[in-house]
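Take a look at the structure below.
Just so you know, these numbers come straight off a predicted model, no measurement behind them. Both counts, for ligands and for their atoms, begin at 1 and track the order of listing.
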Amino acid sequence: MSSRQAIRRLDYTPPSYLIDRVDLTFELSDTHAKVISRLIIKRNKGVSSDTPLVLHGEELTLEGIKLDGAPLTSAHYVVDETSLTIANMPDDGILEIVTRLLPAENTSLMGLYQSNGNFFTQCEAEGFRKITYYLDRPDVMAKFTTTIIADKTKFPVLLSNGNRVGSGTMDKNRHWVKWVDPFKKPAYLFALVAGKLVVLAGTHTTPSKRNINIEIYVEPGNLDKCHHALAAAQKAMAWDEERFGLEYDLDTYMIVAVSDFNMGAMENKGLNIFNTKFVLAKPDTATDVDFDGIDSVVAHEYFHNWTGNRVTCRDWFQLSLKEGLTVYRDQEFSSDIGSRAVQRISNVRALRETQFAEDAGPQAHPIRPDEYLEINNFYTWTIYEKGSEVVRMYATLLGIDGFRAGMELYFKRHDGQAVTCDDFRAAMADANGVDLSQFERWYSQAGTPVLRASAQYNEAAHTYTLTITQSCAPTPGQAEKLPFHLPFAIGLIDRRGHDLPLQLLGESVAGDTTRVLDIRDTTQTFTFINVPCPPVPSLLRDFSAPVVLEYDYSDDELVFLMANDSDAFARWEAANTFALQLLKNQYAAAGRGEKVAAPAAFIAAYKKLLSSDKLDPALVALMLELPRENYLLEQLSDVDPVRLFEVCRSIKHQIARELRQELLAVYQHLNDGTPYAYDGEQVARRSLKNICLDYLAELDEPMIAQLLAKQYQRADNMTDRLAALKALVNRDGGEAQLADFAAQWQSDALVMDKWFALQATSRRPGALSRVQQLLEHPGFSIKNPNKVRSLITAFCLANPPHFHAADGYGYAFAADHIIELDKINPQIAARLASAFNRWTKVDAGRRELMQQELERIRGTEGLSSDTFEIVTKALG
Ligand code: B3K
Ligand code: ZN
């Protein structure tokens with residue numbers, strides 16, 4: 001295990017040695033793997049000749065080492081748990097290293113491992129050092145060739161990065177395939193796959209008339225579930241060509257699906273490896289959300305070929321350089337192929353539910369962190385989602401063309417290099433001739449800025465003055481924050497519901513109806529002139545910056561914005577703010593022992609939404625969804641999560657009771673028996689239909705029970721079937737349907753993940769004991785990350801009333817499994833440990849219980865640095 005020494009950004013030094021070429025040979029067998037690595041290595045310019053060569057290496061058995069053909073003995077080198085050091089290294093030389101690995105015993109799923117008998121690799125961030133001794137850092141970029149030797153029958157498919165240049169047969173029923181990757185790359189982008197796989201192939205022709213083969217490899221029996229992923233890859237290629245002028249650079253783009261995988265997918269050069277969850281889908285096994293997820297993950301990994309692979313990170317502190325940018329790109333892709341409004345609202349909601357909590361808690365870090373113990377802990381909401389918001393702000397400040405010019409300059413300057421976030425910012429600034437120096441604070445300061453807005457209308461002068469004050473609370477290690485530079489988009493709406501053309505004091509003519517204000521100071525005032533009547537402000541349109549906005553809207557103004565705002569995000573936001581205020585007030589009322597009820601104005605606003613025939617049904621569905629408990633928890637302190645849940649449930653019940661007729665009418669109107677298709681219109685209709693169903697399921701009526709059972713039984717797609725099952729499971733247990741579902745899908749692991757997750761997140765009493773029983777289910781395996789996520793992590797992170805049960809059993813359950821998983825797969829254990837991050841938010845009794853469990857975990861002998869880092873920071 002790596003030492004507990006923090007790695008610091010400012011300690012960066014260039015590598016002492018560089019590697020030009022790597023020739024790898026893998027001999028794979030059932031019991032072990034032998035890796036022969038030949039490195040052409042040279043000392044970096046300006047480095048003194050007595051500097052030793054220190055290669056990274058972990059959990060390796062070294063079988064031999066030669067320098068320029070001559071065997072080295074243990075007198076020439078030193079090996080310890082994490083490195084191999086050669087003291088007297090010539091200026092340049094050829095190093096040949098033989099290592100032996102045990103992939104079948106590798107449960108961390110980092111380096112080379114086996115899944116269902118097949119071989120896979122995962123090298124980002126530091127997995128290559130578990131394959132061979134190497135300079136495993138992203139600023140060492142080399143050209144790789146890979147030869148794989150294995151049994152022909154057991155491992156007919158042998159894949160690696162780049163182009164297949166040769167193959168042949170050998171003795172003992174073995175065969176070999178050789179791959180050459182013409183592009184320099186860091187070791188984290190290396191990949192190898194060997195196994196019994198089948199392939200779905202397609203093509204794409206680029207604007208420069210190159211034909212690209214797209215190949216999707218899966219286990220036999222799954223070919224009929226690859227068509228959506230293939231189409232996604234084709235769409236992503238066309239989109240990147242059109243939007244950024246970026247073409248794919250190899251002849252073949254391969255995706256391989258594996259069921260044991262720590263995350264969603266990995267962008268290895270030319271050979272992306274994916275969690276099956278983001279490849280396999282057909283209408284009866286996958287929901288609309290799954291299909292959407294496949295589009296965005298396929299696009300994300302494909303887009304990395306330029307933003308991440310061609311231009312990579314100098315060091316891991318720069319991770320957001322490739323991740324924030326690539327998330328921004330995949331979000332833009334999804335907006336263009338689907339509904340921009342729905343995409344934006346869903347992304348903002350996810351950011352607030354996850355990243356805002358991270359930024360307010362013990363793990364808060366800037367998008368370019370200053371130090372870490374374990375880099376795997378830094379694949380966070382902040383790096384990815386806030387990182388994407390920061391990239392989006394460039395586009396908002398510079399305009400879409402200015403942003404593209406910045407991207408072009410970035411590639412012109414840095415293609416083939418390993419660079420920093422500062423390099424990206426400089427390209428954006430230089431391409432547009434603007435000063436973005438203050439913008440740097442988004443990279444160095446953690447925490448979510450709070451923008452307080454207040455406004456005044458001057459009846460006589462027809463002016464409207466808006467004052468914006470920004471602040472940012474302290475975060476660990478950062479007591480004081482300096483003001484951020486951000487774009488603040490605004491509109492003003494007149495009383496008829498029309499957007500006013502906006503004219504700032506000093507401007508001669510009115511401009512657009514949405515203006516992006518440049519915010520740089522702690523307090524700034526903007527005066528709009530020629531405002532004929534007191535307007536309702538529409539603030540932070542399209543969520544133009546990742547901030548918390550405070551403005552004292554009245555309920556009437558929120559209802560007005562819900563009905564009139566031309567900006568879809570702001571319109572949804574009005575509904576969200578209304579619901580949030582209501583739930584917070586009702587939670588406080590419940591604490592005083594008062595009766596919980598939504599005012600008539602709230603119910604009326606929902607009623608109006610349900611009767612709207614102009615709005616996109618998907619937008620209505622999003623507006624009807626109450627804020628989730630975890631998000632609410634963040635807005636409160638000393639929280640009793642069980643009471644919070646009861647308040648939400650009781651409001652939901654009231655909505656269902658009072659709007660029964662409207663909900664049923666919309667449900668029946670949308671449930672018109674149209675045969676299933678996956679298209680934007682149907683997805684939108686299903687989302688509204690199923691939110692109506694979700695409300696109706698609150699009603700204890702035989703007619704509703706029948707309706708749920710009927711939808712479950714008759715559904716011709718997984719979206720509708722699962723929506724009905726979820727409602728049943730939360731309502732009366734749905735035992736018959738759960739059994740039916742398991743009988744039908746027991747051999748489809750991904751569908752069974754849904755079955756586990758529904759039960760893990762069920763709000764009915766007894767959830768924990770059902771989860772404990774399910775741990776014994778033959779379909780469950782503690783070694784499979786998807787299973788752990790569906791059952792254990794879902795319970796701990798997505799079932800707050802049960803996880804936070806007052807008896808503390810939920811906490812003990814989480815801690816037991818963190819300790820157990822830490823020995824099997826530290827990355828998965830550390831993610832689960834984040835369930836304890838917000839322990840200071842809950843009431844005193846629960847706080848004490850959570851703290852005890854955190855201390856129990858921290859006291860565990862041999863704890864990985866992954867879990868140790870999360871738990872130590874949580875304890876503060
Ligand atoms: N770059 C990978 C994530 C690797 C995580 C390593 N712990 C997937 C992605 O962001 O596309
Ligand atoms: Zn990524």
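The aromatic rings of Phe439 and Trp442 are tilted relative to each other, their planes meeting at an angle between 30° and 60°.
Nearest to atom 6 (C) of ligand 1 among the protein's heavy atoms is Glu124 O, 3.2 Å. Nearest protein neighbour of atom 8 (C) of ligand 1, counting heavy atoms only, is Ala265 O, 2.9 Å. Counting protein heavy atoms only, atom 7 (N) of ligand 1 is closest to Asn376 OD1, 3.1 Å.
Stacking of Arg4 on the aromatic ring of Phe868 is recorded, both the 6.0 Å distance cut-off and the 45° axial limit being met. Phe303 carries Arg329 over the face of its six-membered ring, with the cationic atom under 6.0 Å from the centre and within 45° of the normal. Cation-pi geometry between Lys787 and Phe756 is not satisfied (NZ or CZ under 6.0 Å from the ring centre, within 45° of the ring normal).
The ring-ring contact (aromatic ring centres under 6.0 Å, His included) test with Phe190 singles out one residue from Phe183, Tyr134, Phe128, Phe120, and that residue is Phe128.
The angle that Glu323 OE1 and His300 NE2 make at the Zn ion (ligand 2), rounded to 10°, works out to 110°.
Each of the following atoms of ligand 1 lies closer than 4.0 Å to a heavy atom of Met266: 1 (N), 2 (C). The distance from ligand 1 to the heavy atoms of Glu267 drops below 4.0 Å at these ligand atoms: 1 (N), 2 (C), 8 (C), 9 (C), 11 (O). Of all the atoms in ligand 1, the ones that sit under 4.0 Å from a non-hydrogen atom of Glu323 are 1 (N), 9 (C), 10 (O). The Lys322 neighbourhood of ligand 1 comprises atoms 1 (N), with distances under 4.0 Å to a heavy atom of that residue. Residue contact check: Met263 has heavy atoms under 4.0 Å from atoms 4 (C), 5 (C) of ligand 1. Every atom of ligand 1 with a heavy atom of Gln827 under 4.0 Å away is listed here by number and element: 7 (N). Of all atoms in ligand 1, numbered sequentially from 1 with element shown, those under 4.0 Å from a heavy atom of His304 are 9 (C), 10 (O), 11 (O).
An N or O contact shorter than 3.5 Å links Glu301 to ligand 1 by distance. For Tyr384, a nitrogen or oxygen atom sits less than 3.5 Å from a nitrogen or oxygen atom of ligand 1, counting backbone and side chain alike.
Using modelled atom types, one finds no donor on one side chain facing an acceptor on the other under 3.5 Å when comparing Asn377 with Asp866.
Remark: the backbone N or O of Glu247 is paired with a side-chain donor or acceptor of Trp306 at under 3.5 angstrom.
Using a 4.5 Å cut-off on side-chain heavy atoms (C-beta onward), Arg344 and Arg392 make contact. For the pair Asn268 and Cys123, the minimum side-chain heavy-atom distance is 4.5 Å or more.
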